[in-house]
Amino acid sequence: MTPFTEKVIGIIRSIPAGRVMTYGQIAKLAGSPRAARQVVRILHSMSRAYKLPWHRVVNAKGAIAIQDDESYNEQWMSLEAEGVLVGLHGVIDLKKYLWEPDGE
DNA sequence: CTGGTGACTTATC
DNA sequence: AGATAAGCCACCA
């Protein structure tokens, strides 16, 4: 367990319902602006153990990044359930839903 | 230990 | 604007 991991977990846990964050933002807030991959790995790895809202994390385009259809569908449903309108391509309107902790 | 990969991002061409 | 390269670091073979 590294400090980076703990930060990432804390950041993801702080994402309010109905809002999303990008991997890049999380990585930057955690201390490594280009460590988006680690965020992904941590998320994938810890979401199950820490009950993290991984469905509130999307890529830089504001789209669902998952490759697995089942998980993709699960994220889609979770977002819709929180009031986030997801496009048919899994694209989310970042201008509306992107949560910036600094601008909170 | 070495090497390759990944639910990604940003900068350059 | 689409394609390429480099960066990041944990995990698995």
Side-chain angles (χ1 to χ4, degrees):
Chain A
M1 180 70 78
T2 66
F4 181 80
T5 303
E6 296 184 59
K7 285 185 181 178
V8 170
I9 292 172
I11 292 166
I12 294 171
R13 280 187 24 161
S14 69
I15 303 175
R19 290 288 180 280
V20 299
M21 276 189 84
T22 67
Y23 294 100
Q25 258 186 314
I26 295 170
K28 183 161 56 178
L29 291 173
S32 298
R34 303 296 143 74
R37 294 194 157 163
Q38 284 58 269
V39 176
V40 169
R41 262 226 54 79
I42 291 165
L43 195 61
H44 187 105
S45 196
M46 310 303 257
S47 59
R48 196 169 51 179
Y50 285 74
K51 313 289 177 52
L52 298 177
W54 57 272
H55 54 264
R56 294 181 192 148
V57 184
V58 296
N59 64 23
K61 296 185 296 292
I64 294 175
I66 284 186
Q67 297 296 321
D68 300 290
D69 295 314
E70 297 179 64
S71 300
Y72 179 92
N73 188 36
E74 189 179 328
Q75 178 165 17
W76 188 324
M77 289 191 302
S78 299
L79 289 172
E80 288 278 327
E82 295 184 348
V84 178
L85 298 179
V86 184
L88 294 178
H89 262 298
V91 179
I92 296 167
D93 189 347
L94 291 180
K95 296 188 305 301
K96 289 184 177 181
Y97 302 111
L98 181 63
W99 180 61
E100 303 181 70
D102 192 47
E104 161 60 6

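First the proteins, then the strands, lettered A, B, ... as listed; each starts at 1.
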Task: Side-chain heavy-atom pair A/I66, A/W76 within 4.5 angstrom cut-off - done: no
- [ ] Measure the distance from NZ on A/K61 to P on B/dT10 and round it to the nearest whole Å.
- [x] 11 Å
Open item on the list: Are the side chains of A/S78 and A/W54 in contact, using a 4.5 Å heavy-atom criterion?
Closed with: no
Open item on the list: Can you work out whether A/W54 or A/Q25 has the more 5'-proximal nearest nucleotide on DNA chain B?
Closed with: A/W54
TODO: Would you check if A/D93 and A/L85 make a side-chain contact, meaning some heavy-atom pair closer than 4.5 Å?
DONE: no
TODO: Report the distance from atom CD1 of A/I12 to atom C1' of B/dA7, rounded to the nearest whole Å.
DONE: 12 Å
Open item on the list: In whole Å, I'd like the distance from the CZ atom of A/R34 to the P atom of B/dT9.
Closed with: 12 Å
Open item on the list: Heavy atoms from C-beta onward define the side chain here; which of B/dA7, C/dC8, C/dC11 lies closest to that of A/R41?
Closed with: C/dC11
Task: A/L52 and A/I9, any side-chain heavy atoms less than 4.5 Å apart - done: yes
Open item on the list: Using a 4.0 Å heavy-atom cut-off, does A/T2 contact any base of the nucleic acid, only the sugar-phosphate backbone, or nothing at all?
Closed with: sugar-phosphate
Task: Side chain proximity check, A/V57 to A/Y23, heavy atoms < 4.5 angstrom - done: yes
Task: Integer-rounded Å distance: C/dC8 P and A/I42 CD1 - done: 15 Å
Task: Sub-4.5 Å side-chain heavy-atom contact between A/Y97 and A/E82 - done: no
Task: Spacing between A/L43 atom CG and C/dC8 atom C1', to the nearest angstrom - done: 16 Å
Task: Between B/dT10 (P) and A/Q38 (CD): distance, integer Å - done: 14 Å
Task: Minimum-distance nucleotide to A/N59 side chain [options: B/dA7, B/dT9, C/dA10] - done: B/dT9
Open item on the list: Among residues 63-87 of chain A, which ones have heavy-atom contacts with DNA chain C below 4.0 Å?
Closed with: none
Task: Interatomic distance where CE belongs to A/M21 and P belongs to B/dT9 [whole Å] - done: 12 Å
- [ ] Run the numbers on A/T2 and A/T5 for side-chain contact (heavy atoms from CB on, under 4.5 Å), then give the verdict.
- [x] CA-CA 5 Å; A/T2 66; A/T5 303; 2.8 Å; yes
TODO: To the nearest Å, give me how far apart CZ (A/R48) and P (C/dC11) are.
DONE: 14 Å
